[in-house]
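Keep in mind that what you see is a predicted model, and the values were worked out from it rather than measured. Numbers restart at 1 for each chain; the letters A, B, ... are given by sequence-line order, proteins then strands.
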Amino acid sequence: MALHLYNTLSGKIEEFRPLEDNEVRMYACGLTVYDYGHIGNFRTFIAIDVLHRFLVQSGYQVRHVMNITDVDDKIIRNSSRAAIPVKEYTAKFERAFLEDTITVNIEQPIFVRATDHIQEMAKFIAELESKGFAYRTEDGSYYFRIAKFPNYGKLSKRDFAGMEDGARVDVDEYEKDNARDFALWKSPKPGEAFWDTPIGRGRPGWHIECSVMSMETLGESFDLHAGGEDLIFPHHENEIAQSEALTGKPFAHFWFHARFLLVEGEKMSKSLGNFFTLRDLVLKGHKPSSIRYLLSSVPYRNQLNFTFDGLKQAATSVERLRNFWLRLTAANFSEGATATIVQLALETVQRMKSALEDDLNTAQAQAAIFDMVRKANAAIDNGEIRKDDVAPLLAAMDKFEEIFAVLKDDDVPKMKSILEWAKSAGREQDISNELLEIVQSGALSSEQVNHKVAEMEQARRARNFSKSDAIRAELAAAGIIVENTKDGVRWKRK
RNA sequence: GGCGCGGUACCCAAGUGGUAAGGGAGAGGUCUGCAAAACCUUUAUACGUGGGUUCGAUUCCCACCCGCGCCUCCA
C-alpha cells in the first residue's frame, strides 16, 4: 500500500504520487494576521503538519510552503482604525503566529509573506489582462473574467455554465462585467494603504497572493495544495482559475482540505463565547501537547468536537504514553530478547503506517500504539521483556512521535513564555492558577530535583518515612511528582 | 432552495456485508510504608427512526428526524 489521500478535485481517495519521484511540493494557506490564531486554525495546520511529517517519514523530500496573509480588507480596516501602518499592525500577530506554530510542534514550513510579493502579483495580473482573462474597471481595480475560464467551478463542483455575462448584476459591484467575477486588484479608497505598481495603485485581491507565491516557490504545477474546507470556494477555486488561465497547465494536483471543528458541540464563534485562541487555552492551564493531541486525534476529514473534557482526556492519554516511554528507558531488563515482543513492535509500526496511508487515519494509528503500550506494560509486569526488546519498542514509539509530536515533554518552557507574554500584553486577568502551578514546576533544575530525590530515597531506605514524606510534599508543592516503582525511583514535572 | 458530511456505549472516537478499534471515566482486584505509576477483570443483544435488498446490515438502497459545512468574509 502507498499513501492514499482524498482529493477534493476528483472527489475521491487517490493514491498520492508526487510529480517528481522523491520530492513533494506542497503549499498551504496559513493565517491572515489580523488576530491571534484560534484552535480551528490550528486543527487545520496540525492536519497539514501530520501530512508533512508522514511524507517525510515515508522517505520524501518535502518542500512545504505556507503563506502569511498580511494584507486584506480586515487588516486595512483595523490598522487604519488604530491609526498605525499596516506593517506594524500585522507584525505583532505574525510574530505570535510563528511562535504558536512552534508551540504546537509544527514542523516548520517555508513561510512566505504576501506583502513581499506585491510587484509579482501586479505582473501576474498584467499578464492575465493581456491574455484577456482580466479587465480593469474605471476606478483602477482589476477583476478576473470568469466567463473566459470554462473550468470555473471544477473544484467546488459548482456549475456556472448558465451564467451569462451581465445576467445578474450586483448593485454594489456595478462595475463588474459579471457578478461572479472576483477581484484581482483593488484600487485604494481614500486613506487606505496602497502599493505603487505598473498596473496602478492599490492592493491585491485575496486570491492572487497564493497563485503568485506558490508558483514562484514551487513551480507552475506542483503536488498538493492545502487549507481549511471553507477555502474550497471561493479562494481555491479562484486560485485555480487565475493560475491555470495564465499558464494553461494544471495548478495543484491534489487538494487537501481539513474539516471545521465544533467547540462543545457548536460552531465556534465569538458570539457564542466558545471562541478560543491557542493562547487562551494555554492561559487556562492546558498543555500544548494536550491541545496538539486532541486536535490530531480525529482524522482530518471528520468533524472534531473540541471540548474541555476532551482536552483533559487528551492530557491523560499523553501522560500514559509518556509514562510508558519513561518506564522503558528507566528499567533494568535481563539479557536477551523475546521474539513475541520484537514482533509486537514491528507489527505496531506496520499498523501505524497502514493507518496513516489510509487517508491519514490518525485515530487508528493511535489505537495501534496504545495496543502496543498495553501489551508491553503487561509484559514488563510479567518479566517478559528483556534488554534487546527495548530498542524495537522505542523505535515504534519514535515512529509515533515523528508524526504526533506529543511525547517529548517541553510543555513547561512553552507555557512559561506564554505566561510572560500574557503579562506584557495586559492579559494578567486571564492567567489561571493551573498555568501558574505548571510553570512553577519548571522552577527547580533537574540537578536540584535529583538531589532532593536522592535525599528522599536515603530517608526511605532508613525507614525515616516522616522525613521522606516531607520531601515528597516539598517537591509536590514545587510541581514535582516522585514515583517509586518496582524498577526504582523516578520523577516528573506536573 | 442547491451541493456535501455526519448521527456508534457515561464522554471522545475508529471501523466492517457475517454480529463492534482505541482513549477517557466508573466499578472491583493485584502491587504498594504513603503517594504515584502499572497490570488484570468489568462497562454497546448492538451502531438516530422506519422500511427495503440479502442466507445475513451498524455497514448497501429509500424515506424521515436531528446536527454540521459550503453557496458573502471565515481554518
Side-chain angles (χ1 to χ4, degrees), chain A residues 8 11 28-32 34-35 37-48 72-74 77 153 156-159 170 172-173 179 182 206 226-235 237 257-262 265-270 293-295 297-307 309-324 326-327 330-331 351 355 358 361-382 460 463-466 468-469 472-473 475-476 481-487 489-492:
Chain A
T8 309
C29 291
L31 195 70
T32 301
Y34 71 97
D35 200 353
H38 60 247
I39 53 176
N41 292 315
F42 285 101
R43 142 84 143 171
T44 296
F45 301 149
I46 287 170
I48 293 166
D72 85 326
D73 290 351
K74 260 180 241 151
R77 186 194 64 203
S156 54
K157 316 277 184 284
R158 275 157 225 255
D159 185 9
D170 185 326
D172 293 333
E173 306 282 4
F182 57 89
W206 175 30
E229 62 169 337
D230 58 311
L231 298 183
I232 296 170
F233 190 89
H235 185 53
E237 192 71 73
H257 294 100
R259 192 148 187 211
F260 268 23
L261 54 65
L262 257 39
E266 293 185 283
K267 182 174 178 171
M268 181 168 70
S269 76
K270 285 180 180 166
Y293 184 89
L294 178 56
L295 290 176
S297 63
V298 177
Y300 74 97
R301 287 202 297 132
N302 292 359
Q303 198 163 54
L304 181 157
N305 185 11
F306 189 98
T307 65
D309 190 42
L311 210 41
K312 265 188 235 143
Q313 296 181 9
T316 316
S317 300
V318 170
E319 201 54 35
R320 183 167 153 83
L321 295 175
R322 285 181 180 174
N323 282 329
F324 174 71
L326 281 175
R327 193 177 188 200
R351 268 181 76 190
D358 183 11
N361 193 329
T362 47
Q364 296 232 354
Q366 290 176 348
I369 204 75
F370 276 103
D371 273 337
M372 183 190 86
V373 167
R374 179 169 21 79
K375 287 175 186 158
N377 265 324
I380 295 176
D381 284 354
N382 298 333
R460 284 185 71 237
R463 303 193 70 76
N464 183 352
F465 294 125
S466 61
S468 77
D469 285 351
R472 185 192 293 284
L475 286 169
I481 298 162
V482 183
E483 298 172 354
N484 297 87
T485 72
K486 265 189 281 190
D487 308 316
V489 65
R490 71 180 192 208
W491 60 270
K492 61 190 180 190

Rounded to whole angstrom units, what separation is found between the [atom1] atom of [X] and the [atom2] atom of [N]?
{"X": "A/Asp381", "N": "B/rA38", "atom1": "CG", "atom2": "P", "value": "10 Å"}
{"X": "A/Asp230", "N": "B/rG4", "atom1": "CG", "atom2": "P", "value": "19 Å"}
{"X": "A/Phe42", "N": "B/rA75", "atom1": "CZ", "atom2": "P", "value": "11 Å"}
{"X": "A/Ile232", "N": "B/rC70", "atom1": "CD1", "atom2": "P", "value": "10 Å"}
{"X": "A/Gln364", "N": "B/rG23", "atom1": "CD", "atom2": "P", "value": "13 Å"}
{"X": "A/Gln366", "N": "B/rG24", "atom1": "CD", "atom2": "P", "value": "12 Å"}
{"X": "A/His235", "N": "B/rA75", "atom1": "NE2", "atom2": "P", "value": "10 Å"}
{"X": "A/Leu261", "N": "B/rC74", "atom1": "CG", "atom2": "C1'", "value": "13 Å"}

It should be established whether [X] places a side-chain nitrogen or oxygen under 4.0 Å from OP1 or OP2 of nucleotide [N].
{"X": "A/Lys267", "N": "B/rC70", "value": "yes"}
{"X": "A/Arg320", "N": "B/rC39", "value": "yes"}
{"X": "A/Asn302", "N": "B/rA13", "value": "no"}
{"X": "A/Arg259", "N": "B/rC68", "value": "no"}
{"X": "A/Asn484", "N": "B/rA35", "value": "no"}

Distance-only donor-acceptor test (3.5 Å): side chain [X], base [N]:
{"X": "A/Glu229", "N": "B/rG69", "answer": "no"}
{"X": "A/Arg460", "N": "B/rG33", "answer": "yes"}
{"X": "A/Glu266", "N": "B/rC68", "answer": "no"}
{"X": "A/Asp469", "N": "B/rG33", "answer": "yes"}
{"X": "A/Arg472", "N": "B/rC34", "answer": "yes"}
{"X": "A/Arg43", "N": "B/rA75", "answer": "no"}

Counting the atoms with a prime plus P, OP1 and OP2 as sugar-phosphate, which does [X] contact under 4.0 Å by heavy atoms, base, sugar-phosphate, or nothing?
{"X": "A/Gly227", "result": "sugar-phosphate"}
{"X": "A/Asp72", "result": "nothing"}
{"X": "A/His38", "result": "base"}
{"X": "A/Ala378", "result": "sugar-phosphate"}

Give the dot-bracket line for RNA chain B from 5' end to 3' end: parentheses for intra-strand Watson-Crick or G-U pairs under 3.5 Å, square brackets for crossings, | for inter-strand pairing, dots for unpaired. (((((((..(((.........)))((((((.......))))))....(((((.......))))))))))))....
Flag, side chain of [X] to backbone of [Y], donor-acceptor distance under 3.5 Å:
{"X": "A/Asn484", "Y": "A/Val489", "result": "no"}
{"X": "A/Asn323", "Y": "A/Glu319", "result": "yes"}
{"X": "A/Gln303", "Y": "A/Leu261", "result": "no"}

Are any of the side-chain heavy atoms of A/Arg43 and A/Phe260 separated by less than 4.5 Å?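 No. Closest side-chain heavy atoms not under 4.5 Å.
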Could you work out which one of B/rA38, B/rA14, B/rA75 sits closest to the side chain of A/Asn361?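 Nearest to the side chain of A/Asn361 among the choices is B/rA14.
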Among A/Thr8, A/Asp230, A/Thr44, the one residue meeting side chain to side chain donor-acceptor pair (under 3.5 Å) with A/His257: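 Among A/Thr8, A/Asp230, A/Thr44, the one that satisfies the side chain to side chain donor-acceptor pair (under 3.5 Å) with A/His257 is A/Thr8.
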May I ask you to check if A/Arg158 and A/Phe233 form a cation-pi contact, with NZ or CZ under 6.0 angstrom from the six-membered ring centre and within 45° of the axis?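 So A/Arg158 does make the cation-pi contact.
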Looking only at heavy atoms, what is the nearest atom pair of A/Ile48 and A/Gly227, with distance?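 It is CD1-N, 4.2 Å.
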Give a yes or no on whether a salt bridge exists between A/Arg327 and A/Asp381, defined as a side-chain N under 4.0 angstrom from a carboxylate O.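 Yes, A/Arg327 and A/Asp381 are salt-bridged.
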